[in-house]
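Report on one structure; see the data block that follows.
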Number of protein chains: 2
Amino acid sequence: MSVTIYDVAKRAGVGIGTVSRAINNSGSIAPRTKEKVLAVVKELGYRPHASARGLARRRTNTIGVVVPFFTGYFFVELLRGIQGEVSKFQYDLILYNVDETNKKEMILRKVLQERKVDGMLLISLEMTNNEVWELRRSRLPIVLVDSYHPDLDSVTVENRRGAYVATQHLIRQGHSRIGMIDGHLKSSPARVRLEGYKNALRDHDIGFRREYLVISDYVTGEDGFNRKAGYQAMKQLLHLGSNRPTAVFVSSDIQAIGAMKAIEEDGLNVPNDMAIVGFDDIELAQYIGLTTMRQPMFEMGKLAVDRLVECITDVVTNGFKKVFHTSLIVRNTCGALRHQSHNQIT
Amino acid sequence: MSVTIYDVAKRAGVGIGTVSRAINNSGSIAPRTKEKVLAVVKELGYRPHASARGLARRRTNTIGVVVPFFTGYFFVELLRGIQGEVSKFQYDLILYNVDETNKKEMILRKVLQERKVDGMLLISLEMTNNEVWELRRSRLPIVLVDSYHPDLDSVTVENRRGAYVATQHLIRQGHSRIGMIDGHLKSSPARVRLEGYKNALRDHDIGFRREYLVISDYVTGEDGFNRKAGYQAMKQLLHLGSNRPTAVFVSSDIQAIGAMKAIEEDGLNVPNDMAIVGFDDIELAQYIGLTTMRQPMFEMGKLAVDRLVECITDVVTNGFKKVFHTSLIVRNTCGALRHQSHNQIT
DNA sequence: CTCCTTTGTGGAAGCGCTTCCACATTTGGA
DNA sequence: TCCAAATGTGGAAGCGCTTCCACAAAGGAG
């Protein structure tokens with residue numbers, strides 16, 4: 001059916017070992033022979049059969065990416081960074097989606113035993129010690145992205161500091177009634193951002209008010225980092241009436257978009273009645289003029305792949321922890337630019 | 001290292017053939033034996049090695065998805081539909097990205113010969129007759145999504161009719177100076193939507209004006225279906241001054257978002273100074289109140305997978321052509337709801 | 001010119017499965 | 001009771017590669 005290494009060998013008048021050496025640049029082979037073989041390879045359009053190669057080499061040249069919910073622009077942007085880098089290394093990318101039906105443990109067990117991938121990127125996934133132990137025992141290279149565990153390599157972002165800076169920025173605009181809309185606390189970025197928010201309040205002698213914190217509802221197993229959750233959370237804050245906060249730090253841009261819709265529906269104005277700072281800096285933030293903490297998602301994806309490939313190909317020591325910086329992008333929704341000209345808005 | 005079928009066989013006191021039959025529900029096997037084997041399988045946490053299985057069976061239980069640019073919310077939504085359905089069938093999904101460095105032909109050739117996937121979904125990809133011929137010769141099951149070729153199965157949307165309805169809707173609002181912002185014409189949806197637009201004009205005795213049609217610029221190999229391209233295209237229309245159109249049909253929501261930014265920057269109002277109808281109905285369209293033609297992206301992805309799996313597992317006859325309907329979603333940007341209450345806006 | 005490296009090459013073995021064939025065992029009909 | 005058919009089972013062969021080993025040929029040193 002397909003052209004195999006035997007076809008190439010016969011045609012080139014050499015043995016299969018020689019063909020293998022020619023296409024893999026391995027072993028010693030005479031330049032002339034190699035040239036001849038490669039010519040036949042091109043002529044016949046030969047490419048090694050992936051499964052056969054995988055079986056013999058015990059490497060598939062494929063990496064797996066596990067993503068929860070596969071929704072949200074954060075993942076898309078990350079995925080773009082990952083995808084680009086993966087193909088640069090000549091790897092393929094298998095996408096696994098964790099949701100209600102595909103439980104995390106099932107996917108991990110499957111992947112570990114089937115050996116369909118050479119390594120895994122786990123995105124925004126909280127890992128239990130037990131799971132980590134099993135992962136390490138399997139010796140499959142793993143890099144966590146946007147989550148942290150002491151015993152695994154990880155690429156994260158300064159969530160605590162980012163939330164702190166965002167909150168501080170609102171304080172500096174003169175606000176003292178500052179709320180927060182957060183994702184579900186099973187997500188560690190959500191937990192850590194909450195800490196940053198509280199720290200900022202504390203450092204500026206503002207008391208934390210329980211009613212100003214809204215954790216996005218836990219809808220059908222999701223993490224609350226979505227538009228609808230943001231919308232409903234803001235509705236809840238607005239119910240406080242005249243006691244409502246005058247500014248809100250929202251833990252993701254996509255929630256902020258939902259939140260702004262709720263504000264608008266109430267006939268209120270952003271930033272005059274309610275200032276908003278988001279988190280992520282998704283592409284649309286720029287368009288709608290959302291002030292936000294930028295997270296270098298593309299770069300995070302890229303770096304995670306670099307590290308993973310390094311783990312796969314070289315012998316490396318454990319303990320890679322990269323923490324990216326966030327940066328405050330000031331636009332219209334925080335009120336800081338209220339009196340400046342339109343042109344200065346990014 | 002890993003647990004193999006031999007380990008299971010030895011432990012269960014049977015031959016490897018029997019283990020294989022037990023885990024694959026194939027051949028004849030005594031219920032008692034099967035039970036015993038499966039117990040050992042569970043005990044040892046055994047799972048067949050994917051490459052070995054792929055080599056022996058000549059099936060990988062993996063399907064490939066080829067996406068151009070991997071950007072745009074259209075693909076994300078489609079991908080969600082695909083992903084869900086793929087995992088329902090117990091397949092894995094490999095993502096291939098076509099861009100400047102990874103040329104389409106390279107990817108196709110690679111995939112065809114390596115046999116890493118059992119079938120392929122090609123998204124928004126224009127295929128030459130030559131390519132199609134090569135694909136068919138390889139006998140690898142293929143389903144086109146959002147593009148069309150007479151000799152391949154496809155899942156598409158009524159682009160011509162959709163564009164027609166969108167344009168007609170603007171005409172019915174009383175507009176006669178109606179522009180169009182389209183994607184690059186190398187994309188067949190872009191071409192067909194242009195036809196729909198022209199047909200609608202013709203059927204209502206409105207002359208086509210060349211200066212009212214803006215093809216989004218061909219930036220770094222992309223198709224123009226992005227926010228920036230929409231923004232620049234609208235800038236161009238606005239340069240017409242008082243001769244500018246009073247309504248524009250934009251061939252994708254994401255371009256429409258960019259276009260609306262340009263309008264806003266000019267101090268003009270949507271829909272009063274310029275009515276807009278988009279195409280796609282991405283999630284954000286609802287949020288910003290964009291009138292648009294809904295394309296059932298999620299369902300398209302789902303159906304494409306169903307068909308592909310059918311092609312892989314059964315012997316099927318060629319010629320599957322599913323055309324989904326689009327539907328007009330009236331929101332704020334077309335002016336139709338100008339005099340109605342806020343609540344009626346979806 | 002010999003002997004010992006070095007370099008190059010063919011092909012068997014083995015990767016972990018599925019499948020097929022041969023054989024053993026059971027069943028049931030006459 | 002006996003025999004043919006049905007049922008169940010073990011394991012060899014083979015999927016298409018890589019890798020290793022044995023060996024041939026070609027240099028290089030003396």
Side-chain angles (χ1 to χ4, degrees), chain A residues 1-38 40-41 44-62 110-118 138 313, chain B residues 1-38 40-41 44-62 110-118 138 313:
Chain A
M1 155 114 88
S2 251
V3 28
T4 73
I5 201 172
Y6 287 91
D7 301 324
V8 176
K10 190 177 295 174
R11 179 89 194 227
V14 298
I16 55 165
T18 303
V19 175
S20 181
R21 266 163 301 215
I23 60 181
N24 293 309
N25 291 313
S26 63
S28 59
I29 183 171
R32 278 203 40 150
T33 316
K34 181 169 174 179
E35 207 174 300
K36 184 174 62 181
V37 171
L38 291 183
V40 175
V41 165
L44 301 183
Y46 169 74
R47 271 181 178 277
H49 188 285
S51 295
R53 194 173 230 195
L55 183 56
R57 273 200 180 150
R58 253 147 291 179
R59 278 200 35 199
T60 57
N61 266 265
T62 306
K110 172 185 153 99
V111 169
L112 294 187
Q113 264 288 324
E114 287 188 348
R115 294 272 147 185
K116 208 165 181 171
V117 300
D118 298 337
S138 80
T313 48
Chain B
M1 153 118 86
S2 250
V3 26
T4 74
I5 200 171
Y6 287 90
D7 300 325
V8 176
K10 189 178 297 174
R11 179 89 194 225
V14 298
I16 56 166
T18 303
V19 175
S20 182
R21 264 162 303 210
I23 61 181
N24 293 309
N25 291 314
S26 63
S28 57
I29 183 170
R32 277 202 41 148
T33 316
K34 181 169 173 178
E35 208 174 300
K36 184 174 61 181
V37 171
L38 291 182
V40 175
V41 165
L44 300 183
Y46 169 73
R47 273 181 178 275
H49 187 286
S51 294
R53 195 173 230 195
L55 183 57
R57 272 201 180 149
R58 253 147 291 179
R59 278 197 38 197
T60 57
N61 265 265
T62 306
K110 171 185 153 99
V111 169
L112 294 187
Q113 264 287 324
E114 286 188 349
R115 294 273 147 187
K116 207 163 180 171
V117 300
D118 298 337
S138 79
T313 48

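Everything numeric in this text was worked out from a predicted model, so none of it was measured. Letters A, B, ... mirror the listed sequences (proteins, then strands); counts begin at 1.
- Between B:Ser20 and the phosphate of C:dT18, there is a side-chain N or O to OP1/OP2 separation shorter than 4.0 Å.
- Computed from coordinates, the B:Arg57 CZ to D:dG14 C1' distance equals 16 Å when rounded to whole Å.
- If you find the closest nucleotide of DNA chain C to B:Ser26 and to B:His49, the one lying nearer the 5' end belongs to B:His49.
- OP1 and OP2 of D:dC15 both lie 4.0 Å or more from every side-chain N or O belonging to A:Thr4.
- In this entry the distance linking OH of A:Tyr6 with P of D:dG14 reads 11 Å, nearest Å.
- Counting to the nearest Å, the P atom of C:dT9 and the CD1 atom of A:Ile5 are 15 Å from each other.
- For B:Arg53, no side-chain nitrogen or oxygen approaches OP1 or OP2 of C:dG16 to under 4.0 Å.
- To the nearest angstrom, P of D:dT19 lies 14 Å from CD1 of A:Ile29.
- One axis for each end of the helix from C:dC1-D:dG30 to C:dA30-D:dT1, each built from five base pairs, and the angle between them comes to 40° at 10° resolution.
- For the pair B:Thr18 and D:dT9, the criterion of a side-chain N or O lying under 4.0 Å from OP1 or OP2 is not met.
- In terms of polar N and O atoms assigned as donor or acceptor, the side chain of A:Arg21 comes within less than 3.5 Å of the base of C:dG10 in a complementary pairing.
- Residue A:Tyr46 places at least one side-chain N or O under 4.0 Å from the OP1 or OP2 atom of D:dC17.
- Between A:Arg115 atom CZ and C:dG16 atom C1' the separation is 14 Å, expressed in whole Å.
- Around the CZ atom of A:Arg59, the shell of radius 6.0 Å holds more than 12 heavy atoms that belong to other residues, nucleotides or ligands.
- Here the shortest heavy-atom pairing between A:Asp7 and A:Val3 reads OD2-CA, 3.3 Å.
- Across the protein-nucleic acid pair, B:Leu55 atom CG and C:dC15 atom P stand 13 Å apart, rounded to whole Å.
- A:Ser51 comes within 4.0 angstrom of nothing in the nucleic acid, heavy atoms only.
- Here the NE2 atom belonging to A:His49 is positioned 9.5 Å from the CD atom belonging to B:Gln113, to the nearest 0.5 angstrom.
- A close approach under 4.0 Å does not occur between any side-chain nitrogen or oxygen of A:Ser28 and OP1 or OP2 of C:dT6.
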